[in-house]
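Order of appearance sets the numbers: ligands from 1, and atoms from 1 within every ligand. Basis for what follows: all heavy atoms, side chains included, without hydrogens, waters or symmetry-related copies. We're numbering straight along the sequence, starting at 1.
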Amino acid sequence: MNRASEEIDPTSSDVDRIPRSSGVAAGQLPRTLALVGLMGAGKSYIGRLLAQHYAMSFVDADSEIETAAGRTISEIFAERGEAEFRAGERKVIARLLAGPPIVLATGGGAYLSEDTRSLLKACALTLWLRADLDVLVRRTAKRSHRPLLRTGDPRVILSGLMEARYPIYAQADLVVDSNDVPAEITLRAAVAAIDALLATA
Ligand code: S3P
């Protein structure tokens, strides 16, 4: 299952041309970097670029859940319900956080769980990829694998999720906008924010 969707404009996303920042040695981050944010924010796409930049492994929590369950997320929602999906999500993220530092793209609802949020706060550096509604609607329209967006008008659903979740995502250590700019710009902003935070830590 390839979840590396091309929802984000990859224009100029050649990370080889992106200078490694001087604050943190060009190597790995000392802790797991967890990306949080709504569906379509670019957590997987930007996460992969960040993993390349910091020479770390990239893991997509949704893919891990699918592998563990032997089912797609849509199948889990349909056959077992959202509550069971959320329980699996908590377990998978806890397992990943117990391992060596990685770049982790979490599913959009993961940070809403109090348990997962506490664990992420304790064990990871969290970065909220924030995007505007129009951007999220446009990006998520490119694919149809998200069960939550199939229950009604995606714009209305995403707008409701923004209202409910943005105050919670705002608890992340860092926030970076992920709107309609080349991925390289978002990547650079994320690297600058991460390196600045680690330089003061
Ligand atoms: C969800 C987001 C999805 C996936 C599931 C539920 C959510 O992940 O975990 O469909 O509650 O926002 P992405 O944010 O990676 O699309």
Measuring from non-hydrogen atoms of Arg150 to any atom of ligand 1, is the shortest distance under 4.0 Å?
no
If we number the atoms of ligand 1 from 1 as shown, the ones under 4.0 Å from a heavy atom of Arg146 are 16 (O)
Point to revise | Close side-chain approach of Arg31 and Pro101, heavy atoms under 4.5 Å | key: no
TODO: Could you verify whether a donor N or O on one side chain and an acceptor N or O on the other, from Arg117 and Thr126, lie under 3.5 Å apart?
DONE: no
Rounded to the nearest 0.5 Å, the CG atom of Asn179 sits from the CG atom of Leu136 at a distance of 8.0 Å
From the list Leu33, Asp173, Val176, side-chain contact (heavy atoms from CB on, under 4.5 Å) partner of Ile194 resolves to Leu33
Ranking Arg86, Lys43, Glu89 by closest non-hydrogen atom to atom 14 (O) of ligand 1, top hit is Lys43
Polar proximity ligand 1 side, Thr106 side, N/O cut 3.5 Å exclusive = no
Mind running side-chain hydrogen bond (donor to acceptor under 3.5 Å, both in side chains) on Ser74 and Arg150 for me, showing each step along the way?
CA-CA 10 Å; Ser74 290; Arg150 291 203 301 259; 3.1 Å; yes
Any chance the rings of Tyr166 and Trp128 have centres within less than 6.0 Å?
-> yes
Atoms of ligand 1 under 4.0 Å from any heavy atom of Pro147, numbered from 1 in the order shown, are 10 (O)
* Asked: Would you say ligand 1 has an N or O under 3.5 Å from any N or O of Arg165?
  -> yes
*Do NZ/NE/NH1/NH2 and the carboxylate oxygens of Arg71 and Glu66 come within less than 4.0 Å?*
no
Short version for Leu148: what comes under 4.0 Å of ligand 1, heavy atoms counted, is side chain
Quick check: Gly108 and ligand 1, any N/O pair under 3.5 Å apart?
yes
Judged by heavy atoms only, the candidate from Leu149, Ile73, Leu158, Asp62 nearest atom 8 (O) of ligand 1 is Asp62
